[in-house]
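Some notes on the structure that comes next.
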There are 2 protein chains.
Amino acid sequence: MDDQSSCLVTKLSHYITLDETHREQLASLEKAERDFEEGVEIYQNGDAARDLYVVKRGWLFSYTDLPDGRRQIVKIHHPGDIIGFPDVALKHMTTTLRTSEAVTLCPFPKSSLDVILRESPRLSALLLSIGLRDQVVFIDLLRAMGRMKAQERVAYMVLDLIARLRITNRRMTDTIRLPLTQSQIGDYLGLTNVYISRTLIKMEEDGYIQRIGDRLRILREDDLADMTDFNNRYADMDTSWFPEN
Amino acid sequence: MDDQSSCLVTKLSHYITLDETHREQLASLEKAERDFEEGVEIYQNGDAARDLYVVKRGWLFSYTDLPDGRRQIVKIHHPGDIIGFPDVALKHMTTTLRTSEAVTLCPFPKSSLDVILRESPRLSALLLSIGLRDQVVFIDLLRAMGRMKAQERVAYMVLDLIARLRITNRRMTDTIRLPLTQSQIGDYLGLTNVYISRTLIKMEEDGYIQRIGDRLRILREDDLADMTDFNNRYADMDTSWFPEN
DNA sequence: CGTAGGATTGAGAAATATCAATAAGTGTGG
DNA sequence: CCACACTTATTGATATTTCTCAATCCTACG
């Protein structure tokens, strides 16, 4: 597998400059990429934690269910994301992974981390930082779920999605594709599909957003950011303390 | 500073066996320990992210506020915890740290991580795993906040606290001290102080818990675990893939 | 013994859920 | 290109959960 097609190299290059050695190390970790249809489950809560995945194409999400059927979607995954990282710490997967549309994933085994930790302190620092930054992002989401009203939560979700898409796509405009049903948005934000419907309608009436098919246009991004006291964690990473190589 | 008094060594020994080299590496990282009174703020949201702290004694919590004053407590810290780890990834602290009672902390600089990453792949793997496991814990809390009712959230909080206290204190009974006001519990669970009061009374009436001063006795732990579909993440860490040294 | 912070209680209001019906899309087979 | 089946979105009516505000009660402590 050459550098061109290594998902990990692409992902990590967004944060630090990788030299040739790093690129080779990373590229060697990956297994062959795999395609999946829309609406399939790739692994389930409770499966042995074995592989990680880098998303090459398409959207997916991870969720957990309560015994009575209530569902919480925990993370929405985009191209460039590493899926399954938190579960590295545990013996079993803690979520179920499901595709929102057709996707391509690059799997690599959890044991690859061992290689990285032994061979490159710098890459290790980067992986650690990505994990910890994701933790901050979860804390932000927690704040939204604990203390924000429906409209603010929707605003937060949209801003977070845009900020993340802009990591890999610099000239993102104000319009995003949102391949999620309102039930799924509700499961992500701790609300019902019905209330998501009403909230989106209200936000459109108030001129915050505009909906065109499965696309969403942000009309007053600054106002939404104020409303949610939004911080772009993806732009604030501190790589200054990383070891040299 | 000898091993006896190194907070980090004590903390990390709960997970893997540390040889003499590891112990020395870790002990050398720590600065002198510091005491703080009850009700003081040790650092604030927005401060430069410079130090981490290991808790030697006492309870504290981290929180963030919304501009209009709504507050979300994000983490309750006990003896043995590492505080400020997620902020390592960023240039600034994302929360404010406040004591619930008199505490003793062992600070060590963020730059110590550089040393660990360069010198010990095994310790690096452990730190990474602790960070990632904490992420899973946040995901569990997110699920509670998004999809559980007040009583279930309280149950979840109590079970999580007990599980954590049992890491360091093996023969923990069914009774814990809870040095938090009902307003703080509310800020943690995304509810109001008033509703916490009513919920605790209800749970006591139903025989789930018993309150004696600032102590809480769990009467039907299994039922509470069923109610919240509780998983003890602290007992399920996978250290099998860690590098040798 | 007075005071202050915390807990409890009551009444009413707001936010969100639930249930059920209808409308609007969307893809498929003919 | 049409008609059917199916999923998704919207709407209305009502129920539930939780919040808000204000009063009162406790309890620890100077």
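Note on naming: letters A, B, ... go to the chains in the order of the sequence lines (proteins, then strands), and numbering restarts at 1 for each one.
For the side chain to side chain contact (heavy atoms under 4.5 Å, CB included) test, residues two or more places apart in sequence or in another chain that qualify with B:Pro109 are B:Lys31, B:Asp51, B:Ser111, B:Ser112. Taking the ring-ring contact (aromatic ring centres under 6.0 Å, His included) definition, one finds that B:Phe108 meets it with nothing, sequence neighbours left out. Every residue meeting the side chain to side chain contact (heavy atoms under 4.5 Å, CB included) condition with B:Asp236, not counting sequence neighbours, appears here in chain and number order: A:Leu90, A:Lys91, A:His92. In this structure, the side chain to side chain contact (heavy atoms under 4.5 Å, CB included) partners of A:Asn45, at least two apart in sequence or on a different chain, are A:Thr64, A:Thr96. With sequence neighbours left out, the ring-ring contact (aromatic ring centres under 6.0 Å, His included) criterion links A:Tyr156 to A:Phe230.
Taking the ring centre of B:Phe61 as origin, the terminal cationic atom of B:Arg98 falls outside the region bounded by 6.0 Å and 45° from the ring axis.
Proximity of residues 70-78 of chain B to DNA chain D (heavy atom under 4.0 angstrom from any strand atom) is not detected for any residue. Listed by residue number, the members of residues 95-102 of chain A with any heavy atom below 4.0 angstrom from DNA chain C form an empty set.
Where the helix from C:dC1-D:dG30 to C:dG30-D:dC1 starts and where it ends, the local axes point in directions that differ by 40°; five pairs per end, rounded to 10°.
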Quick tally for nucleotides 5-20 of chain C: nucleotides whose base has a protein heavy atom under 4.0 Å get B, sugar-phosphate-only ones S, the rest -, giving -SSBBBB---SBSBB-

Protein-nucleotides 23-28 of chain C N/O pairs closer than 3.5 Å?
none

For residues 73-81 of chain A, please give each side-chain donor-acceptor pair under 3.5 Å, one per line with the distance, not counting sequence neighbours.
| unit_1 | atom_1 | unit_2 | atom_2 | d |
| --- | --- | --- | --- | --- |
| A:His77 | NE2 | A:Ser62 | OG | 2.6 |
| A:Asp81 | OD2 | A:His78 | N | 2.8 |
| A:Asp81 | OD2 | A:Arg164 | NH2 | 2.5 |

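Nucleotides of DNA chain D with any atom under 4.0 Å from a heavy atom of chain B span, from 5' to 3', D:dT17 to D:dC21.
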